[in-house]
Each structure stands twice: as structure tokens, then as C-alpha cells.
Amino acid sequence: MPELPDLEVFARNLQRRLKRKKLLDIRLLTDAVTKTSQKELANAVVGASVSAVYREGKELRFRFSNKNIIGIHLMLRGKFFWFEDKNTHSHTLLELKFSAGINLALTDYQHRAVITLNPKESTVPDALSKAVNEKFIASILQSRAAVKNILLDQHIIRGIGNAYADEILWDAAMSPFSAANQIPPAGAKALARSIRKVLQNAIKQVDKAEKGIIGGEIRDFLQIHNASKKNSPSGAAIVKKMTAGRPTYYTAEQQLYK
DNA sequence: AGAAATGTTGCGCT
DNA sequence: AAGCGCAACATTTC
């Protein structure tokens, strides 16, 4: 599943091909997760052209010239594919046909990807927004929850997933299991810095790895959350711990605040 | 071949 | 009683 950096690059690549293209047809397959009907969707966007494709948290948004927006959350297994005349991709949930013969399919074999017409604005800051500064981070560390769980909670800060939470916490030299309210001010500062640094760098890496990418995920360059690596860049052994069915990778270089 | 992985929701346990 | 783990979703990928 793609995380924030992948999604950010997908949005840029989708926008590059779709901007100013007119939507000719939209087809919503019956097993798609949505509160919107095929008819409502078509009424809202067919005939309009794409004004922007962008990312908000882990959701991609297609904004049209008439201000209507289609939000797509890929969840675990959602994927985009370009197709020509005929869409041959299995588990298709949504088909979008644009001018100039450009067509886009959304697939998800788990049928969990969520399609939303005009998603409502959120007050929760995106991980890469300016609002995520030292002060904001300090303010969300006011509980005894493990710091990793706070980073992952989309109601607190949007966009960080399991893999990048591990990368960020290693970069900030802080154990994922630290009690948030035991982290000193310097830790909050380090965390704010690492969030930006790790995610921005990953966006560059993903973009470089595959030009025009709109699906899948690129994770070979991850330094800690990476099953093929035994040691951190500075040589410490990487430990893998399963919790809630998901792996956390970390090293003894990371300070545990308890 | 069998395990691992990925996000979210909602539930039950402590 | 806040915070955690777990199950479910279901197929692909290693």
C-alpha cells in the first residue's frame, strides 16, 4: 500500500496527464465503497475538466472546473491504472474517461478503497502542512499513549502510515514505544523536524525511482522499516516487533522515554 | 507453499 | 476510562 510520499508523487503524475482534460464518462462499479450513486457522480463531474489532482492526508483528490471534487482513499490495496479503449483490469471499482483518449481505472481486490464526492474539510493538519511545527507536535504529545500510535492516528495528524512512522522515529532518535507525555521539548522539536525531512526525502526518492508512477509503492530506500536490512545506517541492529498484527522496526539507538 | 503486508473501523479488555 | 490489541476486509507478492 502506498503511503504519503507515494501518494504525493501519484497526485503530481496524475495531474500532469489530466489537467485541463475533460471528463467524458464516469462508471462506478456496484461493489465500490461510496455514499454516492453513479448518477450523482456523473451529474457532478461529467463535462467538467480537471483543474487539479492533489493529496490530503492519505486521500487523493480530483478537483474539477466546476469546483466539485472526487476524493479517493486507496486503503490497503487500491491502485490506479491508465488504460486505452478497453479496461482489462480486474477488480475495477471506478472508470474515468477523459478527452484525448486518456482513461483511468481504480482497482481494489479487497473492495475497500473509498470514493467520496466533495469530501468535507478537515481541521486535522496534514503531516506536511506548515501547521505541523514544534509547538503543534508538543501539543499532541499530551497523553500517555505510545508516540508511534499518535503519529499513526489520522484524527491527530494526517498522512503518516506504519512504515514512515518507523522511519521518522528512528530519524528523531526516539523509541516508538515512548510514552508521549514523557518526551522532553527537545524531542518534540526533533520529531517535527524528522517528519518533514523523512517525508520530503521519500517524495524525492519515489519520484526518482519510477517516472510517472501512479500505483504500487516504492520502499527499497527505507532505512529501518525494511525487511531486507539488518542494520541501521549507523550500524545498530534493527529489531522487529509485531504489535496489533503489524511490524515495528527500531534500534537501540532510539531513546525510550517512560 | 505459506506467511507477510497494508489502513481503517469498531469492539472488548484492562 | 483512556489506550491498546485484535479481527475483518481478500488477494498478491515474495
Side-chain angles (χ1 to χ4, degrees), chain A residues 1-11 29-35 55-61 71-81 88-94 105-116 119-120 122 124 126-127 139-169 175-183 198-199 202 206 209-210 213-222 224-230 238-250 256-258:
Chain A
M1 159 71 195
E3 288 199 31
L4 182 152
D6 306 283
L7 294 166
E8 182 68 29
V9 176
F10 298 172
L29 284 293
T30 50
D31 38 8
V33 177
T34 181
K35 288 183 174 142
R55 179 195 61 78
E56 280 242 346
K58 297 180 191 175
E59 189 177 67
L60 289 176
R61 297 196 173 171
I72 296 180
H73 193 308
L74 298 178
M75 298 296 280
L76 288 168
R77 297 296 182 180
K79 276 185 178 170
F80 288 111
F81 294 96
T88 54
H89 299 284
S90 49
H91 311 290
T92 293
L93 302 180
L94 186 71
L106 166 69
T107 74
D108 183 357
Y109 66 75
Q110 275 187 322
H111 298 181
R112 302 280 283 196
V114 180
I115 300 159
T116 313
K120 63 169 184 280
S122 171
V124 178
D126 184 86
S139 77
I140 66 174
L141 295 180
Q142 306 293 325
S143 84
R144 53 193 168 82
V147 63
K148 182 175 179 182
N149 291 343
I150 290 178
L151 294 183
L152 291 176
D153 190 335
Q154 304 299 302
H155 303 103
I156 297 175
I157 175 172
R158 288 185 297 157
I160 300 172
N162 193 45
Y164 285 98
D166 288 351
E167 295 294 302
I168 289 163
L169 288 163
S175 166
F177 309 108
S178 292
N181 58 12
Q182 299 303 309
I183 295 168
V198 167
L199 296 176
V206 171
E210 191 181 327
I213 187 172
I214 58 162
E217 64 196 353
I218 309 262
R219 289 164 68 157
D220 334 336
F221 64 88
L222 297 190
I224 305 299
H225 191 99
N226 190 329
S228 67
K229 301 219 162 109
K230 289 199 161 55
I238 296 172
V239 181
K240 178 183 180 181
K241 181 175 158 58
M242 296 300 293
T243 110
R246 308 229 129 73
T248 290
Y249 294 87
Y250 63 104
L256 176 64
Y257 300 99
K258 267 284 178 214

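To find a chain, count down the sequence lines: A is the first, B the second, and so on, and within it residues start at 1.
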Within the 4.5 Å heavy-atom criterion, are A:Leu151 and A:Tyr164 side-chain neighbours or not?
no

For A:Tyr109, which residues count as a ring-ring contact (aromatic ring centres under 6.0 Å, His included) partner, sequence neighbours excluded?
none

Residues A:Asp6 and A:Arg219 bridged, charged N to O under 4.0 Å
no

Along nucleotides 1-14 of chain B, 5' to 3', which nucleotides get a B, which get an S, and which get a -, given that the test is a protein heavy-atom distance under 4.0 Å?
----BBBBS-----

Which residues share a salt bridge (Lys or Arg N to Asp or Glu O under 4.0 Å) with A:Arg61, sequence neighbours left out
A:Glu56, A:Glu59

Atom of A:Ile150, atom of A:Ile140 and distance for their closest heavy-atom approach
CD1-O, 3.5 Å

Members of residues 139-146 of chain A that approach DNA chain C, where some heavy atom sits under 4.0 Å away:
A:Ser143, A:Arg144, A:Ala145, A:Ala146

Ranges pairing with ranges for DNA chain B, where each run has three or more Watson-Crick or G-U pairs under 3.5 Å:
B:2-5 with C:11-14, B:7-14 with C:2-9

Could you report the tightest heavy-atom contact between A:Asn162 and A:Glu3, atom names first, then the distance?
N-OE2, 3.4 Å

Has the side chain of A:Asn226 got a donor or acceptor atom that lies under 3.5 Å from a matching backbone atom of A:Phe221?
no

Ignoring hydrogens, what is the shortest heavy-atom contact between A:Ala113 and A:Gly78? Give both atom names and the distance.
CB-CA, 4.5 Å

Nearest-Å distance once atom C1' is located in both B:dA1 and C:dC9
23 Å

Nearest-angstrom distance from the residue atom NZ of A:Lys148 to P of C:dG5:
10 Å

With the side chain counted from C-beta on, respond yes when A:Asp108 and A:Leu76 share a heavy-atom pair under 4.5 Å apart, and no when they do not.
no

Is a side-chain N or O of A:Asn181 found less than 3.5 angstrom from the main chain of A:Gln142, in a donor-acceptor match?
no

How far does the C1' atom of B:dT6 sit from the matching atom of C:dC14, given to the nearest Å?
15 Å

Between A:Asn149 and C:dG3, does any side-chain N or O lie under 4.0 Å from OP1 or OP2?
no

Donor-acceptor pairs under 3.5 angstrom involving side-chain atoms of residues 241-250 of chain A: please list them, not counting sequence neighbours.
residue	atom	partner	partner atom	Å
A:Thr248	OG1	A:Lys148	NZ	2.7

Rounding to the closest angstrom, what is the interatomic distance between C:dC6 and B:dA4 at atom P?
14 Å

